[in-house]
Novice: 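Provided herewith is a single structure, encoded as C-alpha cells, for subsequent inquiry.
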Amino acid sequence: MQFNKDFVFGTATSSYQIEGAHNEDGRTPSIWDMFCDIDGRVFEKHNGDVACDHYHRFEEDIQHIKKLGVDTYRFSIAWPRIFPAKGEFNPAGMAFYKTLATRLREEGIKPAVTLYHWDLPMWAHEEGGWVNRDSVDWFLDYAKVCFDELDGIVDSWITHNEPWCAGFLGYHVGVHAPGHRDMNEAVRAVHHMLLSHGKAVELLKQELKSTTPIGITLNLSPVYAKTDSANDRLAQNNSDGYSNRWFLDPVFKGQYPVDMMNLFSKYVHSYDFIKPGDMETISTECDFFGINFYSRGLVEFSAANDFMTVAAYSDYDKTGMGWDIAPNEFKDLIRRLRNEYTDLPIIITENGAAYDDVLENGEVHDDKRIDYVKKHLTAVSDLNDEGMNIAGYYLWSLMDNFEWSFGYEKRFGILYIDFETQERVWKDSAKWYAGVIADHKAKHADSVEA
Ligand code: IFM
C-alpha cells in the first residue's frame with residue numbers, strides 16, 4: 001500500500017467514551033448517563049463516570065498520540081460541559097478543550113473536532129431532545145460558542161457523528177440513548193440533526209467566514225441481497241434505504257428517498273416537520289465527507305418484518321462484534337459514492353475492529369486487528385490508485401473505551417486500557433500502525449530530497 005504525501009493518518013475517540021470526570025467543572029448529565037443507569041440497557045450496567053479518565057490523563061494520552069506519529073487526532077466535545085443548563089455557557093468546560101487542542105498543536109498534531117458524538121445534555125432531552133425542532137437552535141448556540149472559542153486552534157470540524165446511530169438506534173431501535181422505540185420520533189430526530197448540521201455549516205462558512213474545513217460523518221454499510229430473487233432485492237433496497245440512503249440523499253441531493261418515505265408512512269403520518277428551505281440547508285456544500293466504515297450488510301426478505309428485510313446468515317470472517325470483515329465491499333461503497341453522490345474529498349473518520357484482547361506479560365498480540373486494518377488501508381490505497389480521492393484515515397480507536405451498550409466488554413483500542421489501574425499498554429497494532437506511518441513519512445522525506 002502507498003499513499004500520497006498529503007494523505008493524513010489519524011486516530012479517533014469521543015468524549016463520553018473516554019473522558020470520565022462526569023460531574024467535574026460543571027458538567028451535568030447527558031442522555032448516556034441516564035441510559036446507563038437503567039437496568040438492562042448497558043452490559044453489566046457499565047457507565048462513563050470514569051471511562052479512561054482521559055479528562056485527567058490527557059497529557060499522557062497526547063504523548064501516546066505523538067509517539068504513534070499520526071498527523072491528526074479526532075475527538076469530540078461533550079455538549080453538557082459547554083452548556084450544563086439551557087442557555088448557560090460554562091467557560092470551565094470549554095477550558096478543557098482549549099487546553100487539549102492547544103497542547104495537541106504544540107506537539108504537531110492537528111485537532112479534528114466533532115461537535116456531536118451522542119452526548120445530548122439531559123436538559124435538552126427533558127424538552128423533547130432531537131424530536132423537538134428547537135433542538136436545532138440549541139445545537140446552533142452550542143456550535144457558535146465552540147466556533148467562537150476554538151476555531152483558530154481546530155484544524156477541521158465535524159458537525160455530527162453517525163446520525164443513523166443517534167437517530168435510529170436511539171429513537172427507533174432503542175438500543176442507544178435515549179432508548180425510545182418510535183419510528184415517528186426517529187425520523188423527526190434525524191431531520192433535526194441533519195438540519196442542525198446544515199445550519200452549523202452555514203454559520204461557520206457564511207456568517208463567521210471561517211475557512212476551517214467542515215463536514216459530516218455518516219456510518220455507511222453497503223448492503224447485499226442473499227440471493228438474486230426479487231424479494232431479496234427488495235429487502236436489500238429497503239435495508240440500504242434505512243441505513244444509507246436516508247442520510248446520503250438529503251445531504252447530497254436535498255431530498256429524502258421517496259420509496260422510503262412511503263415505507264415509513266405506516267408510522268410517520270405526516271412529513272410536515274420538513275419546512276420550506278430545510279432540504280436546501282441540509283444539502284449545503286461542505287468541504288469534505290466523513291465516512292465511518294466497519295462492515296457490510298447481508299439481508300433477505302422477511303414478511304414478518306415491517307421493512308421486509310432481515311439479516312441473513314453470512315459465512316464471512318467476523319470481528320469481535322460479530323461484524324463481517326468486508327474490505328472489498330468497502331471498495332464497492334466508495335465507488336458507489338463517487339458515482340451517485342459526491343466529488344468531495346472523502347475522509348475515513350473511523351475504521352477499526354474489536355477483538356477479545358488479552359494482556360500477557362505487558363503485551364497484547366492483536367494480530368487480527370492488524371490484519372483488519374491492513375486490509376482496509378490497502379483498500380484505501382487501491383481506491384486512491386483508481387482516483388477516488390480519499391484524503392485521510394482515522395483508526396478507531398486510540399484506546400479501549402466505553403463501547404456504548406456493550407460497556408467496556410468490547411475493546412476497539414490500539415492502546416490497551418487496564419480499567420483498574422488506568423495503565424495504557426501499546427498493543428502490537430499500535431506498534432504496527434506507528435511503523436506504517438513512519439515508513440510513509442520516510443518515503444516522502446526521501447522523495448523530497450531526491
Ligand atoms: O465506538 C463506536 C463509535 O462511537 C462510533 N462508531 C462506531 C464505533 C464502534 O462501534
Side-chain angles (χ1 to χ4, degrees), residues 10-20 30-33 35-36 41-43 46-48 51-52 54 73-79 112-120 158-170 173 175-178 190 193 197 215-222 243-244 247 289-297 318-326 330 333 347-357 366 368-369 372-373 376 392-417 419 427 429:
T11 184
T13 62
S14 87
S15 47
Y16 191 72
Q17 293 182 272
I18 65 163
E19 284 179 358
S30 75
I31 51 174
W32 270 96
D33 298 84
F35 193 68
C36 291
R41 293 308 183 97
V42 173
F43 177 77
H46 291 172
N47 62 46
C52 308
H54 170 75
Y73 169 58
R74 174 176 176 234
F75 62 90
S76 75
I77 297 179
W79 185 351
V113 177
T114 307
L115 291 174
Y116 189 70
H117 199 126
W118 312 348
D119 35 7
L120 185 74
I158 293 166
T159 53
H160 281 263
N161 180 70
E162 303 183 353
W164 179 83
C165 294
F168 284 175
L169 292 185
V173 188
V175 295
H176 275 200
V190 167
M193 287 175 201
H197 150 73
I216 189 169
T217 280
L218 302 182
N219 56 307
L220 300 173
S221 177
S243 304
N244 303 314
F247 300 85
F289 177 39
I291 297 169
N292 292 353
F293 179 83
Y294 288 92
S295 187
R296 67 152 189 176
K318 301 197 172 18
T319 70
M321 299 296 284
W323 297 344
D324 282 3
I325 300 172
F330 168 61
L333 168 72
I347 299 181
I348 307 305
T349 39
E350 285 181 28
N351 175 245
Y355 284 105
D356 295 334
D357 299 316
D366 56 338
K368 287 184 180 164
R369 181 173 292 104
Y372 178 98
V373 175
H376 288 82
Y393 175 93
Y394 290 80
L395 208 169
W396 183 272
S397 176
L398 171 65
M399 54 185 128
D400 296 335
N401 57 48
F402 175 78
E403 178 52 26
W404 308 111
S405 54
F406 298 91
Y408 298 97
E409 226 246 327
K410 299 292 180 194
R411 293 178 177 269
F412 271 91
I414 53 173
L415 302 187
Y416 182 94
I417 302 287
F419 289 104
K427 300 181 191 176
S429 57

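Every heavy atom of this structure was used, including side-chain atoms; hydrogens, water molecules and symmetry mates were not. Both ligands and their constituent atoms are indexed starting at 1 by order of listing.
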Novice: Do me a favour and list the nearest non-hydrogen protein atom to atom 1 (O) of ligand 1 with residue, atom name and distance?
Specialist: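 It is E403 OE1, 2.6 Å.
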Novice: Is R369 salt-bridged to D357, cutoff N-O under 4.0 Å?
Specialist: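 Salt bridge: yes.
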Novice: Hey, is R411 close enough to E403 for a salt bridge, meaning N to O under 4.0 Å?
Specialist: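 No, R411 and E403 are not salt-bridged.
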Novice: Mark up the atoms of ligand 1 that fall under 4.0 Å of a heavy atom belonging to W404, in ascending order.
Specialist: 1 (O), 2 (C), 3 (C), 4 (O)
Novice: Evaluate N161 for polar contact with ligand 1, using N/O atom pairs at a separation under 3.5 Å.
Specialist: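 So ligand 1 has no N or O lying under 3.5 Å from an N or O of N161.
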Novice: Indicate yes or no: does K427 engage D366 in a salt bridge with an N to O separation below 4.0 Å.
Specialist: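 Here K427 does not pair with D366 in a salt bridge, since their nearest N and O are not under 4.0 Å apart.
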Novice: Quick one: look at W323 and ligand 1, take heavy-atom pairs under 4.0 Å, and tell me if it's side chain, backbone, both or neither.
Specialist: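 Side chain only.
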Novice: Would you say S14 and ligand 1 have an N/O pair spaced under 3.5 Å apart?
Specialist: no
Novice: Ignoring hydrogens and geometry beyond distance, is a side-chain donor-acceptor pair present between N401 and Y16 at under 3.5 Å?
Specialist: no
Novice: Where the closest heavy atom to atom 8 (C) of ligand 1 is concerned, which of F412, Y294, W118 has it?
Specialist: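 Among F412, Y294, W118, the closest heavy atom to atom 8 (C) of ligand 1 belongs to Y294.
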Novice: So, S295 and S221: side-chain donor and acceptor under 3.5 Å apart, yes or no?
Specialist: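 No pair is found: no donor N or O on one side chain lies under 3.5 Å from an acceptor on the other.
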Novice: Enter the distance from S243:OG to L218:CG here, rounded to the nearest 0.5 Å.
Specialist: 11.5 Å
Novice: Which is it for M321 and ligand 1 at heavy atoms under 4.0 Å: side chain, backbone, both or neither?
Specialist: neither
Novice: For atom 6 (N) of ligand 1, which of K410, H117, E350, Q17 has the closest heavy atom?
Specialist: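 Of the listed residues, E350 has the closest heavy atom.
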